[in-house]
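Everything on this sheet refers to the single structure shown next.
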Amino acid sequence: MIVYIARRMVTAVFMLLAIAFVTIALFFGASKDPARAMCGKPCPPETRAKVSAYMQTDQSAVWQYTEFVKGLFVGRTYGEGAQQVHCDAPCFGYSFPNRSDVTTLIAERLPVTLSLALGAAVLCLVVGIGLGALSAIRKGGIVDRFSTGFAMFGLSVPTFLVGLLVVQVFGFMLNALPYSGFVSFSESPTDWAWHLIGPWMVLSFILAAGYIRVTRTQLLNELSADHLVAMTARGASTRQVNRHAVRGVMVPVAAMFALDVTALLGGSVIAERVFSLHGLGDLLLSAVNEADLSIVVGVTLFSAFLIIVGNLIADLLMPLLDPRIRRA
Amino acid sequence: MSEPILEMTDVSKRYRTAGGFGRRRKGFLAVDGVSLHVERGEALGLVGESGSGKSTLARMANGLVVPTSGTVRTDGQDVAGLSRRGLRRLRRNVAMVFQDPLASLNPRQTVRQTLENVFRAHGETTSTAELVALLESVGLGADYLGRYPHEASGGQLQRVAVARALALKPDLIIADEPTSALDVSVRAQILNLLADLQRDQGISFLHVSHDLAVIRLYSDRVAVMQRGRIVETGPSDEIFRSPQHPCTRALVEATPEAELPA
């Protein structure tokens, strides 16, 4: 087991390095010049060249990449003399427009995105599994019809539209929820939740649809499965039978959740925009607009890291839920 | 003579069918006024073509299917009158073996867990020695305890399913096509096992099959079903020798000439 985790970790490191390379290469393929964005409105070519040299963006993508990897271990220093900036050992790059190293920027924005993603994850799991299970138990009933329609709607409507609708209806028309802003949890837990209800609803609305569907079909399969009929026929109580049915449902749900870590991060980019929350997604979007390479690479890598960890956790969880995988 | 282990009187089962526009829900009459009984220690074979209602009828014996009308008395109790708890107690004494062993065993549980579940369902505990003895009584070694269903063959799994039925010593086993999902080569082994259990442990059997040859060799009496009704009953040999009903005749003629190894 430990060997397995170690092997997965090593693979993950190489994967992240490859992702960093692709990101840098793609960035340099784009026509935007980072120095142009930095040097201001009247931008004579000499100043621009100077800025470019200072930010080290005049070098090739391969050079950028090796510098980046080196920076991870020994840190990185830009410029000379009075203008010199240093970025400490695990250096993920320095953002000149923000005058801060990327690690600090990510750490600043992380609580927002994490609050958003974790809350939405909990909400969509509770709603998705709950509605899915209820509709399987009373197949064809009111709950079933409602949640099947709900799932269909959720799967077919784009996130930003739901976001705008929530802002419009709850924020402006009903005046029931705040439509922007973020209050940190340590400041006031109630205000924190209050400001996040809207974004949570938007994010989980889309994601819950999948869980409703998977839970419903899987539970229906399980409940009519021969081995559970056999248990009943041998005298097991409904509760004992249900417990076995639930285990059968957990495996695909866990697998799906691992993949949805991506969707949570991707969805939060849009939700952050709609609700003017300054999280990682917002950081990444503005960085792309300002041609801020360091942030783009940093945030991309960080997201990739979260996704890899999410998948690893799911892979480790799977054998606990389904012993057949343990043997394979 | 003591009371039969299973006695069904004039039972019917109507399944609801999906209604459509302007169509009346008529329902499908799967079992139509059937009466039959299984004496203690007897093996009754229930044959019929597919869709004749034999599985539905068999599942009424342990309350898996609730009859629309008629009474079912199993093990001296009126099944319709039993509470949930009463039904569970009845199922301790009336076991069932299903057609497809791979489907009827939980894929996520070892043989040991599957067997232990029976004891747990009735609030009993068990020991490894007891489980090993149970496996040995169906001709499997102790090493099967740790296996998952996908790690054994169909014939071995059906033996496990029989072991599950035998746990807690039932008086009646309902075998619903116990060999039709198996290879021909292992069919006879499973049937021999069931016949031995009937002979040595005095367990009664309600043996459902579409194959008259199978029924003939391992049942004392035969009931032939067609379209929800029993069309003919009698001792196995007699039915086989001089079938009266056209349906029975068709089944007999469909049986290959060669004898199965006994």
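By convention in this document, chain letters (A, B, ...) are assigned in the order of the sequence lines, proteins followed by strands, and residues within each chain are numbered from 1.
- Your options are B:V97, B:N117, B:N106, and the one with the most heavy-atom pairs under 4.5 Å with chain A is B:N106.
- Closest non-hydrogen pair, A:A233 versus B:M96, comes out as CB-CB, 4.2 Å.
- Of the atoms belonging to A:A225, not a single heavy atom falls under 4.5 Å from chain B.
- Looking at every heavy atom in both residues, A:G235 comes nearest to B:R88 through O-NE, 2.9 Å.
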Residue pair A:R234, B:E116: steps toward the salt bridge (charged side-chain N to carboxylate O under 4.0 Å, His left out) verdict
CA-CA 12 Å; A:R234 203 63 194 89; B:E116 276 173 351; over 6 Å; no
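- Atoms CZ and OG, on B:R120 and A:S237 in that order, are 11.5 Å from each other to the nearest 0.5 Å.
- Shortest non-hydrogen contact noted between B:R164 and A:A230 is NH2-CB, 3.4 Å.
- In the displayed structure, B:Y15 atom OH is contacted under 6.0 Å by more than 12 heavy atoms of other residues, nucleotides or ligands.
- Annotation for A:L174: atom CG counts as buried by contact number, over 12 foreign heavy atoms lying within 6.0 Å.
- B:R91 and A:T232 get closest at one heavy-atom pair: CD-O, 3.2 Å.
- Using a 4.5 Å cut-off between heavy atoms, B:P107 touches chain A through backbone and side chain atoms alike.
- Around atom CZ of A:F170, no more than 12 heavy atoms belonging to other residues, nucleotides or ligands sit under 6.0 Å away.
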Run the side-chain contact (heavy atoms from CB on, under 4.5 Å) check on A:H227 and B:T114 step by step: do they pass?
CA-CA 10 Å; A:H227 63 89; B:T114 296; over 6 Å; no
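- Scanning both residues, B:R108 and A:L321, for their nearest heavy atoms gives CD-O, 3.9 Å.
- In this structure, chain A has a heavy atom under 4.5 Å from the backbone of B:L105, while its side chain stays farther away.
- Contact count versus chain A (heavy atoms, under 4.5 Å) is highest, among B:L64, B:N62, B:L87, B:V94, for B:L64.
- In the displayed structure, A:F305 atom CZ is contacted under 6.0 Å by at most 12 heavy atoms of other residues, nucleotides or ligands.
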